[in-house]
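Working notes for the structure below.
Counting starts at 1 for both ligands and their atoms, following the listed order.
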Amino acid sequence: MSGRTVPSRRTVLRSAVLTPVAGLGPAACSPGDDGAAPARPTAPVELGADGEVADGATKLYRDANVVVSRAGDGSLKAFSTVCTHAGCPIGKLEGTKLVCPCHGSEFDARTGEVLHAPATTPLVELPVEVKQGRIVASPGT
Ligand code: FES
């Protein structure tokens, strides 16, 4: 014997299958350090004062994963900012455009519509209302 151990073909194949490749596949989409999916509200969540979102304005509530916009007539709309592509929290609002940091999907914060792939599904709309001067979003259905 030469003293050198040669891995069997089975060992080599097993290693190849079990070794993750960085940057590929769903593991690359991990939304957080702990791998947990970002939370969408599961109960009504108070976002802030009614006056924080002026007519025609859009505001991102990062901690709640919710974006709120107010139309010119004063009506409110809210959307979950959990990306519909692979579940990353979208923490970037450029004007009225939400930009996902994971793969670059873009959404219209006022309508939830996809502006740029890879996402193909609009953001989830959340019921929103003003209660005692506070903006409150509820879980979507
Ligand atoms: Fe892939 Fe948002 S999770 S673009």
Side-chain angles (χ1 to χ4, degrees), residues 2-141:
S2 68
R4 187 173 146 220
T5 305
V6 178
S8 70
R9 179 185 165 132
R10 174 175 281 179
T11 301
V12 170
L13 288 174
R14 186 180 301 141
S15 295
V17 169
L18 297 177
T19 303
V21 178
L24 296 177
C29 302
S30 187
D33 292 337
D34 60 0
R40 241 176 55 193
T42 55
V45 58
E46 186 179 305
L47 299 171
D50 184 29
E52 289 181 355
V53 185
D55 286 358
T58 301
K59 182 170 176 61
L60 175 61
Y61 293 92
R62 280 186 187 82
D63 292 346
N65 289 318
V66 175
V67 67
V68 175
S69 60
R70 188 185 300 272
D73 66 2
S75 62
L76 292 172
K77 273 195 179 269
F79 294 91
S80 165
T81 56
V82 176
C83 185
T84 58
H85 176 238
C88 286
I90 304 171
K92 187 174 183 184
L93 179 65
E94 296 177 349
T96 58
K97 183 173 69 177
L98 290 160
V99 182
C100 182
C102 290
H103 313 102
S105 289
E106 296 176 357
F107 300 87
D108 187 325
R110 299 164 301 178
T111 64
E113 294 300 314
V114 176
L115 300 174
H116 191 275
T120 58
T121 304
L123 297 174
V124 174
E125 186 168 359
L126 306 173
V128 63
E129 62 185 325
V130 176
K131 284 186 179 172
Q132 298 175 336
R134 309 291 291 176
I135 299 172
V136 177
S138 299
T141 53

Quick check on atom 2 (Fe) of ligand 1: does His85 put an N/O/S atom closer than 2.8 Å to it? no
For atom 1 (Fe) of ligand 1, give me the closest N/O/S atom belonging to His103, just the atom name. ND1
Separation between CG of Leu115 and OG1 of Thr96, rounded to the nearest 0.5 Å: 8.0 Å
Distance under 4.0 Å to a non-hydrogen atom of Ser105: what atoms of ligand 1 satisfy this? 4 (S)
Which heavy-atom pair separates Gly87 from Val82 by the least distance, and what is that distance? O-CG1, 3.7 Å
Distance check below 2.8 Å: does Cys102 bring an N, O or S atom to atom 1 (Fe) of ligand 1? no
For the cysteine pair Cys88 and Cys102, state whether the SG atoms are less than 2.5 angstrom apart. yes
Atom indices of ligand 1, in the order listed, that fall short of 4.0 Å to a heavy atom of Cys88: 3 (S)
Where at least one partner belongs to residues 78-90, residue pairs that pass salt bridge (charged side-chain N to carboxylate O under 4.0 Å, His left out), sequence neighbours excluded: none
Gap separating the CG atom of Leu98 from the CZ atom of Arg110, nearest 0.5 angstrom: 10.5 Å
Numbered in order shown, the ligand 1 atoms found under 4.0 Å of a heavy atom of Cys83 are 2 (Fe), 3 (S), 4 (S)
Under 4.0 Å from a heavy atom of Cys100: give me the atoms of ligand 1 that qualify, with their elements. 2 (Fe), 3 (S), 4 (S)
Salt bridge (charged side-chain N to carboxylate O under 4.0 Å, His left out) partners for Glu46, two or more places apart: Arg134
